[in-house]
Amino acid sequence: MSSPRMDVKYINPFIASTTQVFKDMVHVSIAVGKPYVLKPQDQSYKQYDLSAVIGFTGPATGMVVLSVSEAVILALASGLLGVRMTRLSDQCYDALAELTNMIAGGAKKDIVADPPITMTIPRVMRSELVSYPPKLPVLVIPFQTEAGDMALQVAMTHQNRKTQSPPATQQAPAAASKSDRKQAA
Amino acid sequence: MKVLLVDDSKIMRNIQKKALESIGPMEVSEAGDGLEALSVIASTPGGFDLILIDWNMPNMDGITLVRKIRQNDKKTLLIMATTEAEKPRVLEAIKAGVNNYIMKPFTPQTFVERVKQTLEKAKAAAAAA
């Protein structure tokens with residue numbers, strides 16, 4: 001079976017947005033690694049311990065996931081709050097959700113601006129695998145922070161941009177829901 | 001000055017609260033969504049001078065909250081502080097009655113500047129009236 005093609009048009013908006021969020025609000029140094037596409041058999045996937053999921057609807061559909069280790073979210077939450085965090089707490093889950101929210105918001109405006117893409121409320125997942133829409137390539141953008149590695153996973157498609165060729169299928173997000181900002185056990 | 005912060009992220013409310021404290025003494029209240037904000041507003045004698053509102057929240061989103069407030073209150077200063085950065089969203093918020101718009105992410109300096117700008121503009125308008 002051949003690997004799905006990487007839809008490169010989604011890479012730069014998410015890298016730019018993540019870099020901006022870290023510069024303005026997190027104050028933790030970050031470097032981007034080489035993006036790659038998940039293998040089709042990995043459509044249910046968990047890269048690190050904690051993930052925050054946001055779904056996209058409207059002119060583009062899909063989802064974005066920020067996946068981090070415990071050590072990384074402690075460092076990021078500490079950076080956001082300006083207070084050193086040493087153990088996982090609701091504030092860490094809140095920080096993960098809000099970071100994902102800002103990264104997704106910053107990226108979506110550069111993908112389709114009018115009409116705007118609608119985002120779901122972030123959902124934090126602690127133990128279960130994230131299920132991606134079937135047949136939609138999942139782009140993984142790895143980042144290195146001073147506290148460890150993290151990854152942004154993007155599965156998106158849209159048909160409005162004349163200069164870009166959309167992937168073969170259009171699929172609603174499977175894991176993201178319009179439920180309250182919440183954490184799954 | 002009485003300020004209400006409406007955001008479903010407590011960490012974001014803390015960041016905003018800390019930035020506001022650098023402007024001067026403020027009495028800050030908080031709400032986690034639009035519905036809670038309406039309840040806090042209704043139970044606060046004299047209301048608020050300034051309300052900062054996130055867009056994407058559970059139960060009642062920020063744009064609905066702005067419209068509900070503006071139904072009978074044209075005076076309270078409203079600032080939308082949100083990740084929604086597209087022009088149609090900004091125009092929608094202005095049409096609904098916000099006085100200013102702050103895009104997330106923001107630096108504390110940008111946040112404080114926008115709040116001060118909003119307060120000064122309102123002060124100048126009141127002096128001219």
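Per chain, numbering begins at 1; letters A, B, ... match sequence-line order.
The line from CG of B/D7 to CD of A/E98 is 5.5 Å long, rounded to the nearest 0.5 Å. Between atom CE of residue B/M12 and atom CE of residue A/M102 there is a gap of 4.0 Å, rounded to the nearest 0.5 Å. Atom-to-atom distance recorded for A/T118:OG1 and B/W55:CH2 is 9.5 Å, nearest 0.5 angstrom. We find the CD1-CG distance between B/I15 and A/L81 to be 6.0 Å, quoted to the nearest 0.5 Å. Atoms CG and CD1, from A/L76 and B/I11 in turn, are 10.0 Å apart once rounded to the nearest 0.5 Å. Taking CD from A/Q91 and CG from B/N14, the interatomic distance works out to 6.5 Å, rounded to the nearest 0.5 Å.
The neighbour count for B/K2 NZ, taken as heavy atoms of other residues, nucleotides or ligands under 6.0 Å away, is above 12. Other residues, nucleotides and ligands contribute at most 12 non-hydrogen atoms within 6.0 Å of the NZ atom of A/K34.
Both B/V112 and A/M25 are part of a single hydrophobic cluster, where members link through side-chain heavy atoms under 4.5 Å apart. Using a 4.5 Å cut-off between side-chain heavy atoms of Ile, Leu, Val, Met, Phe, Trp and Tyr, with links allowed through other members, A/V140 and A/L129 fall into different hydrophobic clusters. If you chain together hydrophobic residues whose side chains sit under 4.5 Å apart, A/V124 and A/I54 fall into the same group. Linking Ile, Leu, Val, Met, Phe, Trp and Tyr whenever their side-chain heavy atoms come within less than 4.5 Å leaves B/V40 and B/L5 in two separate clusters. Placement of B/I102 and B/I94 in two distinct hydrophobic clusters is found when ILVMFWY residues are connected by side-chain heavy-atom separations under 4.5 Å, directly or transitively.
With a 4.5 Å cut-off on side-chain heavy atoms, B/E84 and A/M119 count as touching. In this structure the side chain of B/E86 never reaches within 4.5 angstrom of the side chain of A/D114, judged on heavy atoms. Residues A/K108 and B/T83 fail the side-chain proximity criterion, which asks for heavy atoms closer than 4.5 Å.
Residue contact with chain B, scored on non-hydrogen atoms closer than 4.5 Å, involves the backbone of A/I117 exclusively. Of the two parts of B/K87, neither the backbone nor the side chain holds a non-hydrogen atom closer than 4.5 Å to a non-hydrogen atom of chain A. For B/M103, no part sits under 4.5 Å from any heavy atom of chain A, backbone or side chain.
Side-chain contact, A/D94 with B/S9: a donor N or O sits under 3.5 Å from an acceptor N or O.
Contact tally against chain A (heavy-atom pairs below 4.5 Å) for B/K10, B/M57, B/R89: the top residue is B/R89.
In terms of modelled atom types and a separation under 3.5 Å, the side chain of B/K104 and the main chain of A/G105 share no donor-acceptor contact.
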